[in-house]
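Here the structure comes first, spelled out in structure tokens, and everything after it is commentary.
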Amino acid sequence: MKCDELIQEIKSAFADAPAPSDDSITCHECEECFTLRDAVRGYKPDELSDSWVEQSFDQLPFFSDDAKRYYFPAFLRVAALKPDSLVTQFALYASADEFRMQPSGGYSPRQKQAICDFLEYIEPRVDESEQDYVTKAKALWQTVA
């Protein structure tokens, strides 16, 4: 699969993910979460610039479960485009763990497949040091897919 095909698959698979309400974008109330909420509020995942995602590579843990499902495609997009980036590392860390990956209604089979396809795509493109995360993520998402 080519990168642009993967990005389109991810975008399409997550197109029906409901946007979180403004008061449920982040997991708790703190200055860092307020800053994140204010940065993404009102934006769709494909409206978040690649440069913003790159600067915010470590913000995934601060999203609520529902917001993580909604905004995760932006991080997957940048990770696919730049496999050697910190965005990729943190997208793999998030994919390999169930931490705040339990949105209301769960993930659709199509969304799970898009994540599995991302993992297949990224596996040969990341350093050996990231392979354990790819393996753990593939096992997690294939189990629930």
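It should be emphasised that the depicted structure is a prediction, and the values quoted were computed from it without experimental measurement.
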Contact check, side chains of Ile115 and Leu76, non-hydrogen atoms, under 4.5 Å: yes

Any side-chain heavy-atom pair of Asp58 and Leu86 under 4.5 Å: no

Partner set under side chain to side chain donor-acceptor pair (under 3.5 Å) for Glu32, not counting sequence neighbours: Gln59

Ser56 side chain to Val53 backbone, donor-acceptor under 3.5 Å: no

Cluster check Leu81, Val87: I/L/V/M/F/W/Y, side chain < 4.5 angstrom: no

Pair Met1-Asp117, side chain to side chain contact (heavy atoms under 4.5 Å, CB included): steps then yes or no: CA-CA 9 Å; Met1 178 178 291; Asp117 289 345; 4.2 Å; yes

Residue pairs involving residues 27-52 (criterion ring pair (Phe, Tyr, Trp, His ring centres under 6.0 Å); sequence neighbours excluded): none

For Lys68, salt bridge (charged side-chain N to carboxylate O under 4.0 Å, His left out) partners two or more places apart: none

Expected output: side-chain Gln102 to main-chain Glu98 donor-acceptor under 3.5 Å: yes

Pairwise distance CZ(Arg100) to OG1(Thr26) - rounded to 0.5 angstrom: 9.0 Å

Contact check, side chains of Arg77 and Asp50, non-hydrogen atoms, under 4.5 Å: yes

Pairing of Arg37 and Asp23 as salt bridge, 4.0 angstrom limit: no

Exercise: identify the closest heavy-atom pair between Phe72 and Ala94: CE1-CB, 4.2 Å

Non-hydrogen side-chain atoms of Glu120 and Lys138 separated by less than 4.5 Å: yes

Side chains of Arg69 and Ser104 in contact at under 4.5 Å (non-hydrogen atoms): yes

Which atom of Ile122 lies closest to which atom of Ala80, heavy atoms considered: CD1-CA, 4.3 Å

Separation between CZ of Arg125 and CG of Asp84, rounded to the nearest 0.5 Å: 12.0 Å

Parallel, tilted or perpendicular, as decided by the 30° and 60° cut-offs, for the rings of Phe75 and Phe63: perpendicular

Shortest non-hydrogen contact from Ala67 toward Ser24: CB-O, 4.2 Å

Rounded distance (nearest 0.5 Å) linking atom CD1 of Ile25 with atom CZ of Arg41: 6.5 Å

Cut-off 3.5 Å, no hydrogens considered: what does the side-chain donor-acceptor table look like for residues 2-15, sequence neighbours left out?
{"from": "Glu5", "atom 1": "OE1", "to": "Lys2", "atom 2": "N", "distance (Å)": "3.0"}
{"from": "Lys11", "atom 1": "NZ", "to": "Asp46", "atom 2": "OD2", "distance (Å)": "3.2"}
{"from": "Ser12", "atom 1": "OG", "to": "Arg110", "atom 2": "NH2", "distance (Å)": "2.3"}

CG on Leu140 to CG on Leu119, rounded to 0.5 Å: 9.5 Å

Student check: side-chain heavy atoms of Glu54 and Lys82 closer than 4.5 Å: yes

Rounded distance (nearest 0.5 Å) linking atom CG of Leu92 with atom CD of Glu123: 10.0 Å

Side-chain (Gln111) to main-chain (Ser108) donor-acceptor, under 3.5 angstrom: yes

Asp16: partners by side chain to side chain donor-acceptor pair (under 3.5 Å), with sequence neighbours left out: none

Heavy-atom side-chain contact between Pro20 and Tyr71 under 4.5 Å: yes

Side-chain donor/acceptor of Gln142 to backbone N/O of Ala139, under 3.5 Å: no

Under 3.5 Å: donor-acceptor pair, side chain of Asp66, backbone of Pro103: no

Beyond-backbone contact of Pro45 with Tyr70, side-chain heavy atoms, under 4.5 angstrom: yes

Over 12 foreign heavy atoms within 6.0 Å of CD, Glu29: no

Selection residues 97-126 - residue pairs positive for ring pair (Phe, Tyr, Trp, His ring centres under 6.0 Å), sequence neighbours left out: Tyr107-Trp141

